Amino acid sequence: MKTLNRQTATGTRRYPEKVLQFGEGNFLRAFVDWMVDKMNKQAGFDAGVVVVQPIESGLTDLLDSQDGLYHLYLQGVKNGRPVKEVALIDCIVKALNPYTQFDEYFRVIENPELRFIVSNTTEAGIVFDENDTLDMQPQRSFPGKVAALLYRRFKAFAGSPDKGFVIICCELIENNGDMLKNHVLRHAKRWGLEQGFIDWINNANTFCGTLVDRIVPGYPKDRIDQIREELGYNDRLVVEGEFFHLWVVEAPPWLEKEFPAGKAGLNVIFTKDMTPYRERKVRILNGVHTASFAVSYLSGVRTVQESVEDPLISRFMKQVIFDEICPNVNLPAEEVKAFAEEVLDRFHNPYVRHFWKSIALNSMSKWETRVLPSLLDYRARTGLLPKKIVFSLAALIAYYKGETRAEIIDVEDNEDILALYKDAWAGYDESFESVESAVRKVLAYHRNWKMNLNEIEGLTALAARYLFAIQKRGMREALRGFLDSERDRDKAGSGDLLGDLYAWPAFEEF
C-alpha cells in the first residue's frame, strides 16, 4: 500500500505561507485547515499553513513524513440517509517543532507574506508564565512564544504597520483573543521592550476572539484498516468529524473580505459580540461533554454515542442539560432548548465515534471553563446546589485518582494537576474522612478554579458524599442510586441547600 505524500498523491498544490498555526491536533486539522482548504479551492484564498508544535511532544514528524497531507472523513445523516464526504487536505506546507528546529521556526516569522496566526493550545494553553524570557529557545508558554515572535517580526520589518498579523484564537476560553493579547503585552513590558513595539502590538495586530463548534472524534483507530483499503494509502493522520460546523469570529468588518469563508460556503459568522453564541455552545455542548466524561468512562462506556444510547447515562446527561445547564443560559428558553436537543441529536451520529478518553484531556481546566459557571449561576439563581453537576465533580475527582478496581487510567493533564491529585489521594484509606480530605484539597486549588470552591456552602460535603459512594459502590451503581434517590426526593418535594447529605446514600450502608 502506498504511503501518503506529495509524490504518491495526485492533484495537490503548494501554497504560499500565509498562516502560522500553533497546534497540530485533530481539531485544528478537521476545522481550521479544512476551512483553509475549502477557501483555497473555492474562493481563491491561496494560503499555505505552517504548523508549529506548541509543546515538546506532538505530530510534526508524522506530518512532515506525509508532506502535510491527510484525509478528512465527514460523516453523518441528512434527510434520513447516511452521507459521507472524504477530502484530501493539502494546505499544510510545513510542520515545525520549535524545541528541535528553533532557528527554522524563528525564521518563518520573517516571511513578508505571512498574515494570520491561528491557535488551539487547549484551555490550559493561554496562561502567563513569569519564568519566560525573551532569549529562551523557545519560551515555555504559548503567549511567551507569540510575544517573542512578534518582537522578531517588529524588528525584521522595522515596525512597519502593514506587517502585523490577524491572530485568531480557537481555545475554548472566554475572551480568548483579549486574554492572549494581554499576556503578550505583559511579556513585552516585563522584558523591558521598547514602547514602539508595544504600540505596534496594539495598532498593527488584530487579536480575534472566536467560538468553534464541530465534533471531531479524531483518528478512527477502530476502522483504520478498512479506511486505508478504501483510500489506497497508508494515511496515519486520517481524522474524522461531523458535517456540522460553526466558527464565530469577533472581529472588525474588514476581516470578512480578507478571510473569504462566506465565498466558500462555510458557516463562519463575523460579529462584534460573540457572547450569546459562546455561552450557548460552551455551556451546553462542551459543558455536557465535560460533565459526562468521567461518569461515562468510569461506567465502562467509551464513546459519546454509546452514552446517549445507554438508558442510565443518557438519563444523567439529559438531566444535566435540561435541569441544571439550560436554565442559566441567557437566551430565550425555547431557543436554548432547541439547541440542546440538536446537540443530543449530534451525539447520536452513528458514524462519528467520539471517544471519552480524547474529551478527557486537560479536564480540570475544561471543568472550570465549561461547567463551573453553570454551578455558580444555578446556586445564585436558586439558592441550591445543582446536584447532577456536583455528582459530575465527584466523578471528575474519581477519574483523576488514576485507577479503579478494574483498571489503571492514563490521566492526561498538566504536571501541576497530576501532582495535585497524587497528593490529594495519597492519604486515601477507604474512609469517608480520607475522601473528604481529597475533595477539600482539590477544591482548594485556586490556580485552576480561580477561587476556593470549599467556600461554596455545602459543596465540599456533598461532593465528598457522592465521591464516597462512587468509591464504595462503583460508578454505575452509585449513579443509579443517586438518580433514583433524586427522582424519589423530587416526588416528595424535598430539596434543601445541602442536598440532604446523609439521606443519600445512607451512611449506614457503608
Side-chain angles (χ1 to χ4, degrees), residues 122-131 141 172-174 179 287 290-291 293-295 298 320 324 328 360-380 383-404 409 411-472 475 478 482 497-499 501-502 507:
T122 79
E123 283 90 332
I126 302 183
V127 295
F128 183 80
D129 189 333
E130 63 182 11
N131 296 310
S141 73
L172 282 174
I173 303 171
E174 191 168 359
M179 184 178 294
T290 299
F293 91 91
V295 170
L298 295 177
V320 167
E324 298 184 351
N328 308 302
L361 176 68
N362 296 123
S363 281
M364 277 285 283
S365 60
K366 288 177 179 176
W367 213 98
E368 184 273 329
T369 301
R370 304 174 178 185
V371 187
L372 181 58
S374 292
L375 184 153
L376 297 175
D377 285 353
Y378 185 98
R379 191 181 185 287
L384 304 172
L385 289 169
K387 296 176 189 174
K388 286 82 175 180
I389 288 178
V390 177
F391 190 90
S392 160
L393 179 60
L396 175 81
I397 298 172
Y399 178 87
Y400 271 78
K401 184 172 184 256
E403 62 180 8
T404 67
I409 303 171
V411 178
E412 297 179 89
D413 213 313
N414 292 342
E415 290 181 6
D416 66 303
I417 297 295
L418 299 181
L420 166 70
Y421 275 97
K422 183 177 181 180
D423 176 63
W425 282 106
Y428 176 63
D429 59 8
E430 299 190 3
S431 68
F432 177 77
E433 290 74 19
S434 65
V435 168
E436 189 173 40
S437 174
V439 170
R440 193 171 299 280
K441 287 181 180 180
V442 171
L443 299 194
Y445 196 56
H446 194 281
R447 180 173 175 177
N448 184 80
W449 307 117
K450 315 298 188 298
M451 62 185 296
N452 184 347
L453 296 186
N454 291 298
E455 296 175 359
I456 299 174
E457 184 183 2
L459 179 60
T460 306
L462 187 57
R465 294 301 303 167
Y466 293 164
L467 181 57
F468 189 52
I470 292 167
Q471 292 301 115
K472 289 293 184 180
M475 177 58 74
F482 166 66
L497 176 62
L498 299 186
L501 295 181
Y502 293 96
F507 187 80

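On a predicted model such as this, the values are computed, not experimentally measured, just so you know.
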**OP:** With side chain to side chain contact (heavy atoms under 4.5 Å, CB included) as the test, would you mind laying out the steps for Ile456 and Arg379 before giving the verdict?
**Re:** CA-CA 9 Å; Ile456 299 174; Arg379 191 181 185 287; 3.6 Å; yes
Original post:
So, for Ala464 and Val435, which heavy atoms are closest and what is the spacing to 0.1 Å?
Top reply: O-CG1, 3.6 Å
Original post:
Under 3.5 Å, is there a donor-acceptor pair between the side chain of Asn448 and the main chain of Met364?
Top reply: yes
Original post:
Which of parallel (below 30°), tilted (30 to 60°) and perpendicular (above 60°) describes Phe482 and Phe391?
Top reply: parallel
Subject >> Heavy-atom donor-acceptor pair, Ser392 side chain to Ala291 backbone, under 3.5 Å >> reply: yes
Subject >> Leu372 side chain reached by Ile389 side chain, heavy atoms, under 4.5 Å >> reply: no
Subject >> Check: Tyr421 side chain, Ala398 main-chain N or O, donor-acceptor pair, under 3.5 Å >> reply: no
Subject >> Closest heavy-atom pair and its distance - Glu412, Tyr400 >> reply: O-OH, 4.4 Å
**OP:** Return the minimal non-hydrogen interatomic distance between Ala360 and Tyr399, and the atom names on each side.
**Re:** CB-OH, 3.5 Å
Original post:
Of all heavy-atom pairs between Asp129 and Ser141, which one has the smallest distance, and what is that distance?
Top reply: CB-CB, 3.9 Å
**OP:** Measure the spacing between CD of Glu368 and CZ of Arg447 and express it to the nearest 0.5 Å.
**Re:** 13.0 Å
Could you tabulate the donor-acceptor pairs under 3.5 Å formed by side-chain atoms of residues 436-446, not counting sequence neighbours?
unit_1: Tyr445; atom_1: OH; unit_2: Asp416; atom_2: OD2; d: 2.7
unit_1: His446; atom_1: NE2; unit_2: Lys450; atom_2: O; d: 3.4

**OP:** Just do the side chain to side chain contact (heavy atoms under 4.5 Å, CB included) check on Trp449 and Asn454 with the steps written out, would you?
**Re:** CA-CA 11 Å; Trp449 307 117; Asn454 291 298; over 6 Å; no
**OP:** Determine, stepwise, if the pair Thr290 / Leu396 fulfils side chain to side chain contact (heavy atoms under 4.5 Å, CB included).
**Re:** CA-CA 9 Å; Thr290 299; Leu396 175 81; 5.8 Å; no
**OP:** Mind checking the CZ-CG spacing from Phe293 to Leu298? Nearest 0.5 Å is all I need.
**Re:** 8.0 Å
Original post:
Roughly how far, to the nearest 0.5 Å, is CG of Asn414 from OG of Ser365?
Top reply: 7.0 Å
Original post:
Say you draw a straight line from CG of Leu385 to CG of Leu393; how long is it, rounded to the nearest 0.5 Å?
Top reply: 10.5 Å
Original post:
Which atom pair, heavy atoms only, marks the closest approach of Leu459 to Leu453?
Top reply: CD2-O, 3.7 Å
**OP:** First locate atom CZ of Arg370, then atom CD1 of Ile173, and finally report the distance between them rounded to the nearest 0.5 Å.
**Re:** 10.0 Å
Original post:
After noting the C-alpha distance and the side-chain angles of Lys387 and Leu462, does the key distance pass the side chain to side chain contact (heavy atoms under 4.5 Å, CB included) rule?
Top reply: CA-CA 8 Å; Lys387 296 176 189 174; Leu462 187 57; 4.3 Å; yes
**OP:** Applying side-chain contact (heavy atoms from CB on, under 4.5 Å) between Lys366 and each of Val371, Leu361, Leu172, report the one that passes.
**Re:** Leu361
Subject >> Gln471 side chain vs Glu430 backbone, donor-acceptor pair below 3.5 Å >> reply: no
Subject >> Interatomic distance, Leu420 atom CG to Glu415 atom CD [nearest 0.5 angstrom] >> reply: 13.5 Å
Original post:
Ser434 side chain to Asp429 main-chain N or O, any donor-acceptor pair under 3.5 Å?
Top reply: yes
Original post:
Are Ile409 and Glu403 side-chain neighbours, meaning at least one heavy-atom pair lies under 4.5 Å?
Top reply: no
